[in-house]
Structures are given as C-alpha cells and as structure tokens.
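As structure tokens, the structure follows; a few thoughts come after it.
We count residues from 1, following the sequence as given.
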Amino acid sequence: MPMDYTETARAAADTLLSYSKEQDGWRLCKKSGDVAVYWRPSTEFTGNLYKGEGLVAAKPELVWECLKPEPDGLRVKWDSNVQDFQLLDTVTDDTTICRTVTPSAAMGIISPRDFVDVVMIKRYEDGSITSNATNVEHPSCPPQRHFVRGFNHPCGCFCAPVPG
C-alpha cells in the first residue's frame, strides 16, 4: 500500500503546532542575544525535543525567504549544516518530498548524512508561515553509498509576526 504523504505531512504539522503552543516543560538550554534554545524530554520517542526562538527585525515573508526549503534557496547558502537540498517529488502545491544532505563533521569522524522527508508549507491567518517535515521513504531515493540515512522526527521552522 503506497504511503499517504499528505497525511504524514499533515500529522507532522499538527505535532509541530502543538509543540509551539505548549509552554510547560521547556527548559532553557542556551541563550545568546535575542536567540534562545529550549529542550524537554519527548513523549513520542526516547530522547529530547529542542526548539530555538529568535527575533528578527523583518517581516515574516522576508525571513521565510532565508528559511524555506527549496533547491538553490538561501538556506543552502547560509546554513553550513545543509550541503545540498533536492526536490524529489511534488505531492501537492504545498507538499513535497525532499532530500537534504549534511556534510561530514568532526574531521570526518561523523559521516555525511542524507535525509528524505515529506515537507508541508503552511500559512496561517495570523501571517505565520511554517515548514513541517518528517521522515519518509521514496522510491526515487533509496539509501546511497557514502551517506548514513538519517531519520527526522517531526521538525520544521516557524516564521510568526510579533507586535512591533
């Protein structure tokens, strides 16, 4: 039975929205200027959830241009943890299947990774824009030599307007 990519992406989006609304249990991990990183134990898997929050003096649409998941987008240019970003398939106007490649780290001790995710872009009435992703398999992208296949639990980015 083929995977329902749209439903998988919608479930990831619902999970991320719930994380953004939950205030209890998040503990400050690191703060620098207007950026803070929080963590809390996950209730879905063994391990922790992390979320970063920061203020950027710009409209969400402008910030979104730097974050949106697209081949040859600005994210690949500024994020040293994203070596390559490929569009594998378009499911709907707002849902795609993508492959993200990360470089090796720690002088090659950590192998390069690749991740195959379904990504859903959502726009909310308050002007927020989100990317919502989670791990999937896709026939056009089986595991590849020289990469460790990574697994993303629901993850993404929120660009939300704030007063002032």
Side-chain angles (χ1 to χ4, degrees), residues 1-20 22 26 29-30 35-54 56 60 63-123 128-160:
M1 180 166 153
M3 175 173 253
D4 184 345
Y5 293 120
T6 302
E7 185 51 41
T8 300
R10 190 172 293 120
D14 290 345
T15 297
L16 289 177
L17 187 60
S18 75
Y19 293 162
S20 74
E22 293 169 1
W26 293 101
C29 178
K30 186 171 185 173
V35 177
V37 177
Y38 301 89
W39 72 277
R40 72 160 206 213
S42 173
T43 57
E44 291 91 24
F45 59 89
T46 303
N48 296 320
L49 299 174
Y50 292 88
K51 71 175 179 177
E53 294 179 354
V56 178
V63 176
W64 179 248
E65 287 301 313
C66 296
L67 297 175
K68 69 180 171 182
E70 64 181 359
D72 300 317
L74 292 175
R75 174 94 186 256
V76 177
K77 293 173 177 55
W78 69 263
D79 188 343
S80 61
N81 290 314
V82 178
Q83 184 174 345
D84 191 22
F85 187 85
Q86 302 164 359
L87 175 65
L88 301 177
D89 195 4
T90 299
V91 180
T92 66
D93 287 345
D94 62 3
T95 305
T96 57
I97 310 297
C98 300
R99 177 177 181 248
T100 305
V101 176
T102 63
S104 64
M107 297 185 293
I109 294 171
I110 299 173
S111 299
R113 306 281 198 257
D114 74 337
F115 300 83
V116 176
D117 296 307
V118 59
V119 181
M120 177 179 277
I121 307 304
K122 291 194 77 164
R123 294 175 183 272
S128 295
I129 309 166
T130 66
S131 65
N132 309 271
T134 194
N135 178 77
V136 294
E137 293 182 8
H138 194 269
S140 73
C141 194
Q144 299 180 26
R145 285 185 58 181
H146 309 295
F147 295 97
V148 174
R149 179 58 51 95
F151 180 98
N152 280 328
H153 291 278
C155 57
C157 294
F158 279 64
C159 287

Quick check: do [X] and [Y] have side-chain heavy atoms less than 4.5 Å from each other?
X      : Y      : result
Ile121 : Thr130 : no
Val82  : Thr102 : no
Ser42  : Asn48  : no
Met120 : Tyr5   : no
Thr6   : Thr8   : no

Could you check whether any side-chain N or O of Ser131 sits under 3.5 Å from a backbone N or O of Cys157, counting only pairs where one atom can act as donor and the other as acceptor?
yes
Pro142 backbone acceptor or donor facing Arg149 side chain under 3.5 Å
yes
Tell me the closest heavy-atom pair linking [X] and [Y], and the distance in Å.
X      : Y      : answer
Tyr38  : Glu53  : CE1-OE1, 3.8 Å
Trp78  : Cys66  : NE1-O, 2.7 Å
Val37  : Tyr50  : CG1-CD2, 4.4 Å
Ala12  : Asn132 : C-CB, 4.5 Å
Pro112 : His146 : CG-O, 3.6 Å
Leu88  : Ser140 : CB-OG, 3.9 Å

Using the side chain to side chain donor-acceptor pair (under 3.5 Å) rule, pick out the option among Thr96, Thr90, Thr95 that qualifies with Thr92.
Thr95
Quick one: [atom1] on [X] to [atom2] on [Y], what's the gap to the nearest 0.5 Å?
X      : Y      : atom1 : atom2 : answer
Ser128 : Trp64  : OG    : CH2   : 11.0 Å
Arg113 : Ser104 : CZ    : OG    : 10.0 Å
Cys155 : Leu16  : SG    : CG    : 7.0 Å
Thr100 : Phe85  : OG1   : CZ    : 4.5 Å

Residue set satisfying salt bridge (Lys or Arg N to Asp or Glu O under 4.0 Å) with Arg99, at least two apart, ordered chain then number -> Asp114
Verify the neighbour count for atom CD of Glu22: are there more than 12 heavy atoms of other residues, nucleotides or ligands below 6.0 Å?
yes
Within 6.0 Å of NZ in Lys30, more than 12 heavy atoms from elsewhere
no
Intermediate values then yes/no, side-chain contact (heavy atoms from CB on, under 4.5 Å), Phe158 and Leu17
CA-CA 9 Å; Phe158 279 64; Leu17 187 60; 4.2 Å; yes
Taking the cut-offs as 6.0 angstrom to the six-membered ring centre and 45 degrees off its axis, would you call Lys51 and Trp26 a cation-pi pair?
yes
With a 3.5 Å cut-off and no angle check, do the side chains of Asp117 and Asn152 form a donor-acceptor pair?
yes
Residues two or more places apart in sequence or in another chain: which of them pass side chain to side chain donor-acceptor pair (under 3.5 Å) with Glu65?
Lys68
Using the side-chain contact (heavy atoms from CB on, under 4.5 Å) rule, take Tyr19 and Leu49 through it: C-alpha gap first, then chi angles, then the decisive distance, then the call.
CA-CA 9 Å; Tyr19 293 162; Leu49 299 174; 3.6 Å; yes
Checking side-chain contact (heavy atoms from CB on, under 4.5 Å) for the pair Ser111/Phe147: CA distance, chi angles, key distance, verdict?
CA-CA 7 Å; Ser111 299; Phe147 295 97; over 6 Å; no
Which pairs count as salt bridge (Lys or Arg N to Asp or Glu O under 4.0 Å) when at least one residue sits in residues 78-97, sequence neighbours excluded?
Arg75-Asp79
